[in-house]
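Just so we're on the same page: letters track the sequence lines, and every chain starts at 1. Hydrogens, waters and symmetry mates are skipped; everything else that's a heavy atom, side chains included, is used. Predicted model, so just to flag it, every value in this text is computed and none were measured.
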Number of protein chains: 2
Amino acid sequence: MGASKSDLFTKQQNDIATMAKALAHPARIAILQYLYKKNACVCGDLVEELGLAQATTSQHLKELKNAGLIQGTIEGASVCYCLHPAVWKQYQELFAGFFKEVKLSKTCC
Amino acid sequence: MGASKSDLFTKQQNDIATMAKALAHPARIAILQYLYKKNACVCGDLVEELGLAQATTSQHLKELKNAGLIQGTIEGASVCYCLHPAVWKQYQELFAGFFKEVKLSKTCC
DNA sequence: TTATATTATCGTAATATTGCGATACGACAA
DNA sequence: TTGTCGTATCGCAATATTACGATAATATAA
């Protein structure tokens, strides 16, 4: 098969998994960190920054855009990327909520 | 290719990506939620709970064990699983730290 | 010992991801 | 218009993931 059976799980479970998948590659983590360290729009210098081919970098950017984590605005000939604050906050809260549900006090094994 | 070029990125970036990958499937989210909702060791009933085949469930459990998130202790004929508190806390802090680094005040696009 | 119950592993098929070269597309400059 | 620069998309190859049936491994029950 290969396709995950998303209909077996709740929307929340699928949402968390989808968000985690967007973060499940070091190149995408690097892109996000670069964007928020610069704290500004970044135009063009991501390819040199990452060390991956231009096509590969563009593909990772597309996935981050699909996940809603970043947005790109056309600035003349190039495109400027920055974080999407609302979605970022949403991710932050979803993960924080997921981790906080646990009561780790009781150990049983 | 298909293999990600982990040598291009920092250890922290690879760590976050690896942890995210462990959470990047709804079945694994469901397992973790079931474990912490029960707040106890769970022996055996995970297969009925998930609706996936026994082999598939076992495979997801193995990945969570490899990620360190859960631990299993042999209890007679069956195996009891529960969360690994220390690693869970580590995940929580790594993600929280990753999300907190950002300054979302300045929007530029 | 033999049977049964529970979990792990093997082998295989279907699909997804990662990466890159080649190429197309869009905006601007000459 | 023609050329150039920056980005996106296409097509392909290599590898990874997901899923399951079959089978092995282990512990207990009969």
Side-chain angles (χ1 to χ4, degrees), chain A residues 1-9 13-14 16-31 34-35 41-67 70-82 109, chain B residues 1-9 13-14 16-31 34-35 41-67 70-82 109:
Chain A
M1 315 278 159
S4 57
K5 298 196 153 185
S6 55
D7 49 309
L8 285 177
F9 308 103
Q13 288 163 346
N14 281 303
I16 296 178
T18 302
M19 288 185 171
K21 197 176 274 185
L23 302 177
H25 195 289
R28 294 197 285 274
I29 299 294
I31 290 173
Y34 187 70
L35 284 181
C41 279
V42 172
C43 301
D45 36 343
L46 275 167
V47 176
E48 304 105 78
E49 186 66 19
L50 288 184
L52 292 171
Q54 185 266 325
T56 309
T57 305
S58 183
Q59 202 173 317
H60 283 300
L61 286 169
K62 190 183 178 184
E63 284 180 61
L64 288 173
K65 261 190 288 184
N66 287 342
I70 63 171
Q71 53 192 177
T73 32
I74 299 167
E75 192 83 21
S78 60
V79 178
C80 290
Y81 293 101
C82 63
C109 295
Chain B
M1 313 272 163
S4 56
K5 299 196 153 186
S6 55
D7 49 308
L8 284 177
F9 308 103
Q13 287 163 348
N14 281 304
I16 295 179
T18 301
M19 289 187 171
K21 197 176 272 185
L23 301 177
H25 196 288
R28 294 196 286 274
I29 299 294
I31 291 172
Y34 187 70
L35 286 180
C41 279
V42 171
C43 302
D45 35 343
L46 274 167
V47 176
E48 304 106 80
E49 186 67 19
L50 287 184
L52 291 170
Q54 186 267 327
T56 309
T57 305
S58 184
Q59 203 172 315
H60 283 301
L61 285 168
K62 190 183 178 184
E63 285 181 58
L64 288 172
K65 260 188 290 184
N66 287 342
I70 64 172
Q71 53 192 180
T73 33
I74 298 168
E75 191 83 20
S78 59
V79 179
C80 290
Y81 293 101
C82 64
C109 296

Which heavy atom of E75(B) sits nearest a heavy atom of C80(B), and at what distance? CB-SG, 3.6 Å
Please give, in whole Å, the distance from dA8(C) C1' to I70(B) CD1? 13 Å
So which nucleotide from dG19(C), dA8(D), dT18(D) ends up closest to the side chain of K65(A)? dA8(D)
Kindly write out the residues that satisfy side chain to side chain donor-acceptor pair (under 3.5 Å) with Q59(A), not counting sequence neighbours, or none if the list is empty. none
Whole-Å distance, L50(A) CG to dG19(C) P, equals 10 Å
Name every donor-acceptor pair, under 3.5 Å, that has one atom in a side chain of residues 42-55 of chain B and the other anywhere in the protein, sequence neighbours excluded.
from: D45(B); atom 1: OD2; to: Y34(B); atom 2: OH; distance (Å): 3.0

Enclosure of I74(B) CD1 (heavy-atom neighbours >12, cutoff 6.0 Å): no
OP1 or OP2 of dA16(D) under 4.0 Å from side-chain N/O of K21(B): no
Under 4.0 Å: is that the gap between some side-chain N or O of Y81(B) and OP1 or OP2 of dT6(C)? no
May I ask you to decide if the ring planes of F9(A) and H25(B) are parallel, tilted or perpendicular, using 30° and 60° as cut-offs? perpendicular
Which atoms of nucleotides 25-30 of chain C (N or O only) lie under 3.5 Å from a protein N or O atom, and what are those distances?
none

note: L46(A), atom CG; dT7(D), atom C1'; distance rounded to Å ~ 12 Å
Can you list everything that forms a salt bridge (Lys or Arg N to Asp or Glu O under 4.0 Å) with E63(B)? Sequence neighbours excluded, please. R28(B)
Here the pair of heavy atoms bringing A22(B) nearest to A67(B) is CB-CB, 3.7 Å
Nucleotide dA16(C), atom C1' - distance to NZ of K62(A) in whole Å: 14 Å
Between atom NE2 in H25(B) and atom P in dA16(D), what is the gap in whole Å? 18 Å
Under the side-chain contact (heavy atoms from CB on, under 4.5 Å) test, which residues partner K65(B), sequence neighbours left out? I70(B), Y81(B)
Euclidean distance, atom CG of residue N66(A) to atom C1' of dT17(C) [Å, nearest integer]: 14 Å
Looking at CG of L23(A) and OG1 of T18(B), how far apart are the two atoms once the value is rounded to the nearest 0.5 Å? 12.5 Å
May I have the distance from R28(B) (atom CZ) to dT18(D) (atom P), rounded to whole angstrom? 5 Å
Closest nucleotide among dT7(D), dA19(D), dT6(C) to the S78(A) side chain: dT7(D)
d(CD, E63(B); C1', dT9(C)) in whole Å: 14 Å
Under 4.0 Å from any atom of DNA chain C, heavy atoms only: list the residues of residues 52-61 of chain A that qualify, in numerical order. L52(A), A53(A), A55(A), T56(A), Q59(A), H60(A)
